[in-house]
Trainee: 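Dumping the structure here so I can ask a few things about it.
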Amino acid sequence: MTTIAANLQAVRERIAAACVAAGRPAATVSLLAVSKTWPAAAVRDAAAAGQRRFGESYVQEAVPKVAALRELDLEWHFIGPLQSNKTRPVAETFAWVHSVERLKIAERLSQQRPPELGPLNVCLQVNVSGEASKSGCAPGEVAALASAVAQLPNLRLRGLMAIPEPGDDIATQRRRFATLRVLWERLAADGLSLDTLSMGMSDDLEAAVLEGATMVRVGTAIFGERTYQ
Ligand SMILES: *Cc1c(COP(=O)(O)O)cnc(C)c1O
């Protein structure tokens, strides 16, 4: 077994144990393997071990990687910061974008989505840590942004995403994830049909699953420590 295959199995076991602790069926949480900074060969190893969904954060790195792996028919999720001059390659390359935080970006993604690919699945990124983090819309802006994004023809609004500041204890982590869940439940109560709560990473996936995550985004625990050039 490769290291990546063994790591993947360990992460799946962590998710399964967290689901047991939360009293949730294991099938309600899906695993996004975050392959940013890792070469196509690492993605091939993970795919050979049964992983289908992969997350990338940098457009320039991701586009050639996705092209090199086209024959594997994987599902690619964009999870990084997105500027308006990079929306076209994202709309043309990915099945999902988790990091929509402004209407202008969503409008461009909708305009630039090739119709033959079907709607682009999107999550709105919310800043649940206040001043500590600059990414994501403010919690008070989510409802208006969600109802505007839900109107765009070539997008499908799936849910919310957050990257909370690392919490030093599980109670702090859970509080931040709970903030996102409550926002998500309010949108659902307002009539939006959402199925995705994208939260939890290598160090805090258990807290996220306890607070209702439906997709955890895990990089380091699968591929190892990243080194940035
Ligand atoms: C890098 C990244 C991850 C993965 O983080 P790990 O701590 O390596 O598991 C998850 N989500 C986003 C948005 C990321 O940029």
Side-chain angles (χ1 to χ4, degrees), residues 1-18 29-83 85-101 109 117 120-123 125 133-136 158 161-166 173 196-209 213-229:
M1 201 190 270
T2 64
T3 305
I4 288 173
N7 288 347
L8 259 175
Q9 190 171 315
V11 169
R12 289 185 190 125
E13 283 165 12
R14 282 176 62 191
I15 294 170
V29 180
S30 72
L31 172 60
L32 183 67
V34 177
S35 49
K36 67 185 181 207
T37 78
W38 295 101
V43 175
R44 279 186 199 283
D45 275 358
Q51 180 64 31
R52 311 306 304 164
R53 301 177 140 172
F54 292 88
E56 290 282 335
S57 297
Y58 311 108
V59 178
Q60 269 166 301
E61 178 198 350
V63 168
K65 198 187 294 185
V66 172
L69 295 164
R70 184 146 330 266
E71 86 284 359
L72 293 181
D73 200 26
L74 303 172
E75 186 180 277
W76 292 95
H77 295 230
F78 188 78
I79 61 175
L82 185 48
Q83 275 107 41
N85 62 347
K86 296 278 177 56
T87 51
R88 183 176 298 280
V90 168
E92 292 174 350
T93 303
F94 287 86
W96 286 65
V97 176
H98 291 226
S99 44
V100 171
E101 56 180 26
L109 290 169
L117 295 183
L120 179 65
N121 299 291
V122 301
C123 293
Q125 184 175 348
S133 160
K134 287 171 204 77
S135 288
R158 299 294 294 263
M161 182 273 241
I163 314 172
E165 287 299 295
Q173 292 171 345
T196 303
L197 201 43
S198 167
M199 59 188 197
M201 317 202 298
S202 293
D203 289 337
D204 56 15
L205 72 85
E206 284 83 2
V209 168
T214 67
M215 201 180 296
V216 292
R217 309 177 309 269
V218 179
T220 308
I222 296 171
F223 296 106
E225 292 290 341
R226 288 179 291 275
T227 50
Y228 292 92
Q229 265 114 36

Trainee: Check side chain to side chain donor-acceptor pair (under 3.5 Å) between E71 and all other residues, then give those that pass, not counting sequence neighbours.
Mentor: R44
Trainee: Grab the two heavy atoms, one from F54 and one from A47, that are nearest each other, plus how far apart they are.
Mentor: CZ-N, 4.0 Å
Trainee: If you compare all heavy atoms of S202 against all heavy atoms of V218, which two are closest, and at what distance to 0.1 Å?
Mentor: OG-CG1, 3.5 Å
Trainee: Going by atom type alone, with no hydrogens or angles, which donor-acceptor pairs under 3.5 Å involve a side-chain atom of residues 91-98 and a protein atom two or more places apart or on another chain?
Mentor:
residue, atom, partner, partner atom, Å
T93, OG1, P89, O, 2.6
H98, ND1, S198, OG, 2.9
H98, NE2, H77, ND1, 2.8

Trainee: Which atom names give the shortest non-hydrogen contact between T214 and T196, and what distance separates them?
Mentor: OG1-CA, 3.3 Å
Trainee: For K65, enumerate each residue passing the side chain to side chain donor-acceptor pair (under 3.5 Å) test, keeping only those at least two apart in sequence or located in another chain.
Mentor: E56, E61
Trainee: Could you walk me through whether T87 and L82 pass the side chain to side chain contact (heavy atoms under 4.5 Å, CB included) check?
Mentor: CA-CA 7 Å; T87 51; L82 185 48; 4.2 Å; yes
Trainee: Before giving the answer on side chain to side chain contact (heavy atoms under 4.5 Å, CB included), spell out for I222 and L31 the whole-Å C-alpha distance, their side-chain angles and the decisive distance to 0.1 Å.
Mentor: CA-CA 11 Å; I222 296 171; L31 172 60; 4.3 Å; yes
Trainee: Return yes if some donor-acceptor pair links the side-chain N/O of T2 with the main-chain N/O of A5 below 3.5 Å, else return no.
Mentor: yes
Trainee: To the nearest 0.5 Å, what is the distance between CD1 on I79 and CD1 on I163?
Mentor: 7.0 Å
Trainee: Between the side chain of D45 and the main-chain N/O of A42, is any donor-acceptor distance below 3.5 Å?
Mentor: no
Trainee: Check A208 against G200 and note the closest heavy-atom contact, atom names and distance.
Mentor: CB-CA, 3.4 Å
Trainee: Mind checking side chain to side chain donor-acceptor pair (under 3.5 Å) for Q173 and listing every partner two or more places apart, or none if nothing turns up?
Mentor: none
Trainee: Under the side chain to side chain contact (heavy atoms under 4.5 Å, CB included) rule, what do V90 and V59 come out as? Steps first, then yes or no, please.
Mentor: CA-CA 7 Å; V90 168; V59 178; 3.7 Å; yes
Trainee: Which value, rounded to the nearest 0.5 Å, describes the distance between R217 atom CZ and S57 atom OG?
Mentor: 9.0 Å
Trainee: Run the side chain to side chain donor-acceptor pair (under 3.5 Å) test against S30 and tell me which residues pass, sequence neighbours left out.
Mentor: R53
Trainee: First locate atom CZ of F223, then atom NZ of K36, and finally report the distance between them rounded to the nearest 0.5 Å.
Mentor: 11.5 Å
Trainee: Keeping Q125 on the side-chain end and P81 on the backbone end, is there a donor-acceptor pair under 3.5 Å?
Mentor: no
Trainee: Hey, what do you get for CE (M199) to CG (L205), rounding to the nearest 0.5 Å?
Mentor: 11.5 Å
Trainee: Go through L109 and F78 one step at a time and tell me if the side chain to side chain contact (heavy atoms under 4.5 Å, CB included) criterion holds.
Mentor: CA-CA 12 Å; L109 290 169; F78 188 78; over 6 Å; no
Trainee: Any idea which heavy atoms bring C123 and R158 closest together, and the distance?
Mentor: SG-CB, 4.5 Å
Trainee: Any pair with a residue in residues 6-16 that passes salt bridge (Lys or Arg N to Asp or Glu O under 4.0 Å), sequence neighbours left out, goes on the list, sorted by first then second residue, please.
Mentor: R14-E206
Trainee: Of the non-hydrogen atoms in A213 and V29, which two are nearest, and what is the gap between them?
Mentor: O-CG2, 3.5 Å
Trainee: Rounded to the nearest 0.5 Å, what's the gap from CG on L74 to CG on L69? Could you check?
Mentor: 6.0 Å
Trainee: Checking T220 side chain against E225 main chain: does a donor-acceptor pair fall under 3.5 Å?
Mentor: no
